[in-house]
Number of protein chains: 2
Amino acid sequence: MLRGDITVAIRNAVMHELAEVGYGRLSIEAVARRAGVGKTAIYRRWGNKLEMVLEIVSDVAGRSVPLPDTGSFAGDLQLIMMIVHRALQHRIASQIIPDLMAEAARNPQIAETLQAALHTHQQAVGEKLVGQAIARGELPEGTDPEVAVDMILGPLYWRLAVSRSPMPDDYLEKLTTAVTAALKSTAP
Amino acid sequence: MLRGDITVAIRNAVMHELAEVGYGRLSIEAVARRAGVGKTAIYRRWGNKLEMVLEIVSDVAGRSVPLPDTGSFAGDLQLIMMIVHRALQHRIASQIIPDLMAEAARNPQIAETLQAALHTHQQAVGEKLVGQAIARGELPEGTDPEVAVDMILGPLYWRLAVSRSPMPDDYLEKLTTAVTAALKSTAP
DNA sequence: GAACGGCGGAACGCAACCGTTACGTCCTGG
DNA sequence: CCAGGACGTAACGGTTGCGTTCCGCCGTTC
């Protein structure tokens, strides 16, 4: 009968620790310290650091985003961009995500988890978005959903998580029109 | 009179170690082991891990890429994409870059170094590219170089360094036409 | 051929974590 | 009211890495 409040404290501590020092330097002792908890409480729940992080992260990341359908492609696009924008603005998320992405490049288990939590989901959204737009006649028949996803998420991710340069007010608008134009041009 | 061959061995070892375990877990002892070198040889050259990594990385990253001018915007774009594509395909680079990007989010010194080595440079290329295209009448007057850089590098980086999904043969072509169309639409 | 200096290797004391164990306390369910 | 179990604390032996020091070796330089 593990105590729920303790579990919550640990989960929070892991997320914060992950943001501060990254996966590579995350230590169980530091997590316990931060959570105000004994190491035993942690080892009672998970077998080791990797298992713990994967379970916690995939739980957080797995909370699915509702598939948008605002009625128009421009609207859907704007909505998605706002959602991603908000998510990547979040201080903790914007530290953890790039860190785990980098870690995934060398740890297959992490890669698999992120793949399951993000990529699959993201692909579904992309396909739905593009599918709707094609059905409405807003995008040409052969539009590639893969390219679409890259064009939508790539610049945002680059700007917010990599380049980290300040984002002018009209930036999202510009990006939206740019992406729309881009996708309209990719007919086969 | 430090021996050059030893310095080279250390530099290589650092790059490989960085790729394998990341900055967070990089240890001087491991670098020395891999380079077949005593720790003393390392401490004789740099004061600590951060200093060492920064010096080595900024040296490698600082080797400037020639600014393209193929005569047409489409050509410039294609060239840049090929260059970035090649760079991010490189096994070691594709591990180190996301890792340091993530690290930069929490270490100002790393952030500054990467900024100096990459961002400044990248901005210059973007401005030159867009400037040329505007002068040739290939892009509208008010095209924003910032957005352009994000639209060019974002999707590529996302695909190669984050999503890491396989890249179809015609992908670069599609991306090129998409980006061209996108930028033509961003007039004020 | 002697002095110099960079070299690898080994060991230093110190600190942080690992994963495990024992203990005593406190809460809860029966 | 009692048994069980989850809790925090503390300590365990072992590993790893830090940054430093000392040694003996060897190639230069003069």
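Values below: every heavy atom of this structure, side chains too, minus hydrogens, waters and symmetry copies. Residue numbers begin at 1 in each chain, while the letters A, B, ... track the order of the sequences. Please read these numbers as outputs of a predicted model, since none were measured by experiment.
- Straight-line distance from the CG atom of Leu26(A) to the C1' atom of dG19(C): 15 Å, rounded to whole Å.
- One atom, CZ of Arg45(A), and another, P of dA6(D), lie 9 Å apart when rounded to the nearest Å.
- Separating the CZ atom of Arg34(A) from the P atom of dG8(D) is a distance of 17 Å, rounded to the nearest angstrom.
- Residues Val14(A) and Val8(A) do not share a hydrophobic cluster, clusters being chains of Ile/Leu/Val/Met/Phe/Trp/Tyr side chains in contact below 4.5 Å.
- Note: CE (Met1(A)) to C1' (dG30(C)) measures 14 Å, nearest angstrom.
- In this structure, Ile6(A) atom CD1 and dT28(C) atom P are separated by 12 Å, rounded to whole Å.
- The salt bridge (charged side-chain N to carboxylate O under 4.0 Å, His left out) test with Glu17(A) singles out one residue from Arg25(A), Arg33(A), Arg34(A), and that residue is Arg34(A).
- A straight line from OH of Tyr23(B) to C1' of dG17(D) spans 14 Å, rounded to a whole angstrom.
- For the pair Leu2(B) CG and dC26(D) C1', the computed distance is 16 Å after rounding to whole Å.
- Rounded to an integer number of Å, the gap from Lys39(A) NZ to dC12(D) P is 13 Å.
- Looking at which nucleotide of DNA chain C each of Glu29(B) and Thr7(B) is closest to, the 5′-most match is held by Thr7(B).
- With distances taken from any side-chain atom of Arg3(B) to the nucleotides dG17(D), dG19(C), dG6(C), the minimum falls on dG6(C).
- At the phosphate of dG8(D), neither OP1 nor OP2 sits under 4.0 Å from any side-chain N or O atom of Arg44(A).
- With 3.5 Å as the limit, one finds a donor-acceptor pair spanning the side chains of Asp150(A) and Tyr171(B).
- Taking the six-membered ring where tryptophan is involved, the planes of Trp158(A) and Tyr157(B) are perpendicular, since the angle between them exceeds 60° and thus also 30°.
- Side-chain nitrogen and oxygen atoms of Arg25(B) include none within less than 4.0 Å of the OP1 or OP2 phosphate oxygen of dA16(C).
- Residues Pro168(B) and Pro166(B) approach most closely at CD-O, 3.5 Å, considering heavy atoms.
- Out of dC18(C), dG6(C), dA6(D), the shortest distance to the side chain of Tyr43(A) is found at dC18(C).
- Side-chain atoms of Ala41(A) lie closest to dC7(D) of the nucleotides dA6(D), dC7(D), dG6(C).
- Listed nucleotides dT21(C), dC18(C), dG19(C) differ in distance to Thr40(A); the shortest reach to its side chain belongs to dT21(C).
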